[in-house]
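Note that these values count all heavy atoms, side chains included, but never hydrogens, waters or copies made by symmetry. Chain letters run A, B, ... following the sequence lines, proteins first, then strands; residues in each count from 1. Just so we're clear, the structure is a prediction, and the values are computed from it rather than from any experiment.
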Protein chains: 2
Amino acid sequence: MILDKNSPIPQYFQLQTWLIEQIEQGVFKPNDKIPTEAEFVQLTELSRATIRQAVQNLVNMGYLERKKRLGTFVINRKIDSNKNTIVGILIPDIRSGYAPELARGAEDEAAKNKHSLILCNTDDLFTSAEFHANRLTDHHVSGVIFVPTAASDAKNRLIIEKFTRNDIPVVLADRTIPDLKVDHITTDNFQGAYTLTEYLIRKGHNKIAMILSTLFSTERERLRGYKQALTDHGIPVDESIILTDNSPFIEMRYLNYAKKLLKRPNDLTAIFAGHDRIALQFYLAANDLNIKIPDHISLVGYDDLHFNTISLTTMHQPIYEMGVESMKLILARIRGEKKEPQKIKLKSYLVERSSVKQVGT
Amino acid sequence: MILDKNSPIPQYFQLQTWLIEQIEQGVFKPNDKIPTEAEFVQLTELSRATIRQAVQNLVNMGYLERKKRLGTFVINRKIDSNKNTIVGILIPDIRSGYAPELARGAEDEAAKNKHSLILCNTDDLFTSAEFHANRLTDHHVSGVIFVPTAASDAKNRLIIEKFTRNDIPVVLADRTIPDLKVDHITTDNFQGAYTLTEYLIRKGHNKIAMILSTLFSTERERLRGYKQALTDHGIPVDESIILTDNSPFIEMRYLNYAKKLLKRPNDLTAIFAGHDRIALQFYLAANDLNIKIPDHISLVGYDDLHFNTISLTTMHQPIYEMGVESMKLILARIRGEKKEPQKIKLKSYLVERSSVKQVGT
DNA sequence: ATTGTATAATTGTATAGACAATTATACATA
DNA sequence: TATGTATAATTGTCTATACAATTATACAAT
């Protein structure tokens with residue numbers, strides 16, 4: 001016991017700090033009995049009242065638990081704090097794309113364990129994400145599920161650091177950021193795009209345009225998968241029919257792209273839209289131009305959003321499951337399970353509807 | 001000072017209880033200075049240590065604040081707790097209908113004030129709502145926005161009582177429950193349906209079917225508006241073309257209703273769907289049966305969901321605004337503004353697209 | 001087998017007193 | 001005007017002590 005009698009730091013506070021250290025370093029483990037107050041009096045040569053003051057503070061802080069007649073024990077904070085945990089989720093916009101599905105998955109899993117989920121909409125903006133990050137830190141949430149924004153990797157890293165500096169674990173969902181020691185969970189966009197492209201090739205297509213936003217790792221991965229599938233099937237990659245955009249998703253912009261692409265006289269037989277909302281714009285554009293899908297041109301999307309009135313062949317992403325799994329991951333971190341950062345890739349599967357026609361032979 | 005020296009209740013605890021009472025009854029008001037420890041020693045004839053024990057507990061509980069040299073003061077808990085408040089929202093399902101829009105409105109308003117929103121999905125089930133209510137109470141949320149479930153009024157009342165018993169204010173959103181002293185905010189469904197029906201009548205329709213679920217106050221109000229509009233225009237209400245259902249919304253069921261109604265040989269010229277998701281089923285059914293909307297029959301919906309591919313004339317509900325306003329209401333209650341329960345009705349407006357044809361002259 | 005009783009260990013409650021640290025205020029000094 | 005200093009009120013820290021309440025355990029009585 002190293003208490004400095006002459007230090008300006010109060011004795012009770014020294015003792016309290018020492019105790020916390022011992023607990024956090026695992027010298028006193030959960031459920032361990034710490035010395036009795038009488039023993040502490042002998043050990044420290046302080047009065048019992050002072051001992052009690054230190055111990056009482058730790059009880060209030062949730063480190064210790066007193067049991068009459070038995071002594072004072074270290075609480076298993078992990079189990080304890082595991083009740084009624086609050087987790088934050090940072091998604092672009094709860095109104096669009098897969099966000100509702102993701103939120104629902106996360107919420108269901110949280111609710112199952114009596115935890116709660118705080119919703120934050122970033123609109124894919126760094127400033128907004130930063131604002132919410134501050135708020136969540138103020139609220140002392142126990143963990144965060146973060147869908148990185150459309151901002152640069154560096155800026156997204158700032159957000160994550162904001163949390164980790166405050167000992168709040170983070171799980172990245174859907175999109176990743178390179179070289180970062182945090183858990184992340186994505187769908188296998190490379191494999192999915194590969195499968196989808198291969199499907200088109202099998203259907204006889206070999207002039208397949210791709211249109212996507214390069215802003216997100218997800219779509220860049222899809223582009224990789226698309227190119228790889230073409231290459232593996234001996235079809236040269238034609239950069240002139242790969243249309244990339246690096247600004248946030250705006251319907252009108254993609255509607256115009258779609259119209260341009262559909263009007264352009266070329267021998268395209270199929271279009272691979274980077275995600276379903278892009279595909280939707282193609283439907284609308286095609287409708288406008290009196291082009292029939294799949295009769296005149298085939299179309300595939302990616303996401304499997306619930307479009308009730310159009311019958312789009314697309315990759316179904318297990319978004320609900322992603323929500324569930326990210327919550328499981330973050331809860332494991334909150335419980336303090338220390339492993340290497342996990343990189344989970346969920347499998348997507350192809351949903352064949354009627355936007356692709358067999359061509360050629 | 002009434003302390004019972006002989007009571008088995010500890011002196012410090014008696015003092016502490018008495019102090020809380022004084023504070024909560026407003027005898028000691030926020031920012032008031034309470035007697036100094038020395039004064040308490042005189043008043044109570046207890047030792048200073050005992051006084052301190054009671055006061056320290058109240059400090060820990062957030063009732064009091066010590067200031068060296070100045071004394072001990074009552075904290076203004078309202079102002080204090082007004083920062084970083086957490087509000088719960090109970091909606092049917094974040095994935096469907098207007099829920100995302102409502103949640104977004106509420107979240108934006110909350111974020112603006114540095115508050116946070118906990119998301120709960122009830123699936124319109126009482127048991128689920130009850131579960132979440134318990135969870136939110138455990139978390140000590142400061143207020144709740146509640147979209148009543150499809151269960152009976154009595155059961156929804158139980159949920160609300162659960163909150164009010166714990167001094168958690170509640171705002172009802174979208175749907176109402178009769179005879180309840182809580183704030184609520186709805187759109188004016190009567191007026192909206194009246195406007196919509198009148199619109200159809202002006203377009204020459206006088207044989208207008210209505211199909212709806214009677215489970216929710218919203219749709220029952222719409223039915224009232226529909227009937228009133230007919231009556232006011234001298235059109236007799238024909239109960240045989242009013243199709244009601246009182247089970248939760250299931251797409252298949254309504255698809256079948258739609259098919260039956262569309263197949264039935266009658267002189268219907270227009271259909272008023274209780275909400276957009278019902279209208280969507282009519283689109284799908286019509287498509288199946290090769291019936292063109294609006295050429296063969298006109299259709300209106302209610303909600304203005306974001307259907308990208310169909311062009312439905314419908315009532316736009318200011319759902320985002322409803323989210324914002326319910327958050328404002330609940331925050332006002334949390335701040336302790338005591339008024340009569342407010343009943344706010346937001347105006348909807350008609351969005352004319354192309355699902356209604358002019359008939360007759 | 002159940003119920004009651006004594007014991008002892010430990011925390012819980014309480015007293016009386018002492019000195020330290022902090023800080024608003026007033027006053028003094030540069 | 002700005003800065004330093006003394007004062008006094010109040011909370012902060014700490015000692016030494018005493019008895020009460022709680023309860024696991026062992027053992028006795030029924």
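For residues 45-72 of chain A, the pairs satisfying salt bridge (charged side-chain N to carboxylate O under 4.0 Å, His left out) are A:E37-A:R48, A:E37-A:R52, A:E37-A:R66, with sequence neighbours left out. Listed by first and then second residue, the salt bridge (charged side-chain N to carboxylate O under 4.0 Å, His left out) pairs involving residues 161-170 of chain A amount to none (not counting sequence neighbours).
Here the CD1 atom belonging to A:I145 is positioned 12.0 Å from the CD1 atom belonging to A:I118, to the nearest 0.5 angstrom.
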Filtered N/O pairs between nucleotides 12-15 of chain C and protein, under 3.5 Å:
from: C:dG12; atom 1: OP2; to: A:R52; atom 2: NH1; distance (Å): 3.2
from: C:dG12; atom 1: OP2; to: A:R52; atom 2: NH2; distance (Å): 3.3
from: C:dG12; atom 1: OP2; to: A:R66; atom 2: NE; distance (Å): 2.7
from: C:dG12; atom 1: OP2; to: A:R66; atom 2: NH1; distance (Å): 3.4
from: C:dG12; atom 1: N7; to: A:R48; atom 2: NH2; distance (Å): 2.8
from: C:dG12; atom 1: O6; to: A:R48; atom 2: NH1; distance (Å): 3.1
from: C:dT13; atom 1: OP1; to: B:Y12; atom 2: OH; distance (Å): 3.0
from: C:dT13; atom 1: OP2; to: B:Y12; atom 2: OH; distance (Å): 3.4
from: C:dA14; atom 1: OP1; to: B:Q11; atom 2: N; distance (Å): 2.3
from: C:dA14; atom 1: OP2; to: B:Q11; atom 2: N; distance (Å): 3.2
from: C:dA14; atom 1: OP2; to: B:Y12; atom 2: N; distance (Å): 3.0
from: C:dT15; atom 1: OP2; to: B:S47; atom 2: N; distance (Å): 2.9
from: C:dT15; atom 1: OP2; to: B:S47; atom 2: OG; distance (Å): 2.9
from: C:dT15; atom 1: OP2; to: B:T50; atom 2: OG1; distance (Å): 2.5

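Projected onto DNA chain D by closest heavy-atom contact, B:P35 and A:R69 fall at different nucleotides, the more 5' of which corresponds to B:P35.
In this structure, the side chain of A:R104 does not engage the main chain of A:Y320 through any donor-acceptor pair within 3.5 Å.
At D:dA9, none of the side-chain N or O atoms of B:T36 fall inside 4.0 Å of OP1 or OP2 (strictly under the cut-off).
C:dA21 and D:dT10 make up a base pair, with Watson-Crick or G-U wobble contacts both under 3.5 Å. The partner of D:dT30, taking Watson-Crick or G-U wobble pairs whose two distances both stay under 3.5 Å, is C:dA1.
In this structure, the CD atom of B:Q42 is 13 Å from the P atom of C:dA16, given to the nearest Å. Regarding A:L70, its CG atom lies at a distance of 13 Å from the P atom of C:dA9, rounded to whole Å.
In this structure, a donor-acceptor pair under 3.5 Å is absent between the side chains of A:Q342 and A:D183. A donor-acceptor contact under 3.5 angstrom links the side chains of A:N156 and A:T149, judged on distance only.
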